[in-house]
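Note sheet for the following structure.
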Amino acid sequence: MTLFRLGYVAMSVNVQNASPSQTMTYKRYQQLQDEEAALRKLERISKSNLHNSLRLLKHNKAHGIHFFRLSSKLVPLATHEDFSSWDYLSPIKDELQEIGRFAKENKMRLDFHPDHFVVLNSPKKEIFQTSMKVLKYHYLLLHHMGIDPTHRCVLHLGGKYKDKEASLERLIENWAYIPQGIQKMVMIENDDTSYTLEDCLYVCEKLNVPQIFDQHHHIANHDDSRWQDHWERVVGTWSHSELPVKMHISSPKSDEDYKSHADYIDPVMFLDFVQKANGSTEQIDCMIEAKQKDQALFQLVQQLKEHPNIVMESETTFRWKN
DNA sequence: AGTTGTCAAGTTCGG
DNA sequence: CCGAACTTGACAACT
């Protein structure tokens, strides 16, 4: 019997004034006359983002949530090319450590999902290099939190460039140029336009990378609609990980706008997954990607509680019983 | 106080 | 071939 655990992404609609993604744009930075003052402001924003991240973790603890994706925008401009000499880490070491300690004390699973500018299979060398820089930034944040960076960063396979097979192979070639520490950090998720679950599984098995199954993306973009026929392979990609299997759950906004995320989670669609995946492995961590963030999680829990086949094990974990 | 447009980054698609 | 859409929250600049 599988234990299912719920988590959510980056920010809360319940905790007010707690953005972990405050920013300063490059344009704004350039407008400021005093460069030193501008850098101090970037540091203040970063500290505030980390402080708010910790507040969110405390909120999560209070509600029994032990699975959370951190914002990738914790340090604005950290990976911008004009900031390569800026030591953004020294001023925030204490804050990073505090987050890591709190997560460890409360047995929380934390990870990242860098945005779509990280493209490992780009034919352009400079884009690959920029991607490395962004991944290194994530690596360093995790490292200074005292969190083992292994399997903490979700990525997509990249672009198709009008030749999917060649582009997929290019990722495998590029992989050899990725430092080992960063390789170990990566998990790969099927996307809703280019690479299907089966494409990703091929790569995951070849490179020994855990597969993140996104149910919504899979329905929007698949070779074989029956994901359950490939589920054993998905679980297999996690066999060498210390962490439980992880998947993404979201619901379509509408039939016309199918790929966009809805405010809340459709329990029927989610429970279809739960029922079919039940028994396949000890634990599955389900990351809720919904506009209403933690509120979508709370609403889903309320709906699960009323379901005859669901037994809650804690505030955010449950099992399916026939 | 509430609304609209802009923002570092990449890729895809429509005209 | 170029510009808009994709997706997204924050913030500046407006009404």
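No experiment lies behind these values; they were computed from the predicted model shown.
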Grab the [atom1]-[atom2] distance between [X] and [N] for me, whole Å please.
X      : N      : atom1 : atom2 : result
A/L42  : B/dA8  : CG    : C1'   : 13 Å
A/K27  : B/dT6  : NZ    : C1'   : 7 Å
A/L32  : C/dC11 : CG    : P     : 14 Å
A/K125 : B/dG10 : NZ    : P     : 17 Å
A/L157 : B/dT11 : CG    : C1'   : 14 Å
A/Q31  : C/dC11 : CD    : C1'   : 12 Å
A/I45  : C/dA10 : CD1   : P     : 12 Å
A/H261 : C/dT7  : NE2   : P     : 8 Å

Mind telling me whether [Y] and [X] have parallel, tilted or perpendicular rings, with 30° and 60° as the class edges?
X      : Y      : value
A/W320 : A/H307 : tilted
A/F213 : A/W231 : perpendicular
A/H80  : A/F83  : perpendicular

Exercise for review: Report the nucleotide, chosen from B/dA8, C/dG9, C/dT7, that has the shortest atom-to-atom distance to any side-chain atom of A/T79.
Suggested key: B/dA8

Practice item. Establish, yes or no, whether the cationic atom of A/R170 lies under 6.0 Å from the six-membered ring centre of A/F128 and within 45° of the ring axis. Key: no

When you measure from the side-chain N and O atoms of [X] to the phosphate of [N], is any distance below 4.0 Å, counting only OP1 and OP2?
X      : N      : value
A/Y161 : B/dT11 : yes
A/S19  : C/dA10 : yes
A/T25  : C/dC11 : no
A/S194 : B/dT11 : no
A/K253 : C/dT7  : no

Study note, to complete from the structure: Dot-bracket assigned to DNA chain C with the 3.5 Å Watson-Crick/G-U criterion, [ ] for crossing and | for other-strand pairs, is ||||||..|||||||

Exercise for review: Measure the distance between the ring centre of A/F117 and the centre of the six-membered base ring of B/dA9, then answer whether it is under 5.5 Å with planes under 30°.
Suggested key: yes

Check your understanding: Can you tell me if A/H63 and A/D294 form a side-chain donor-acceptor pair at under 3.5 Å?
Key -> no

Check your understanding: Quick one: do A/R40 and A/E43 make a salt bridge, cutoff under 4.0 Å?
Key -> yes

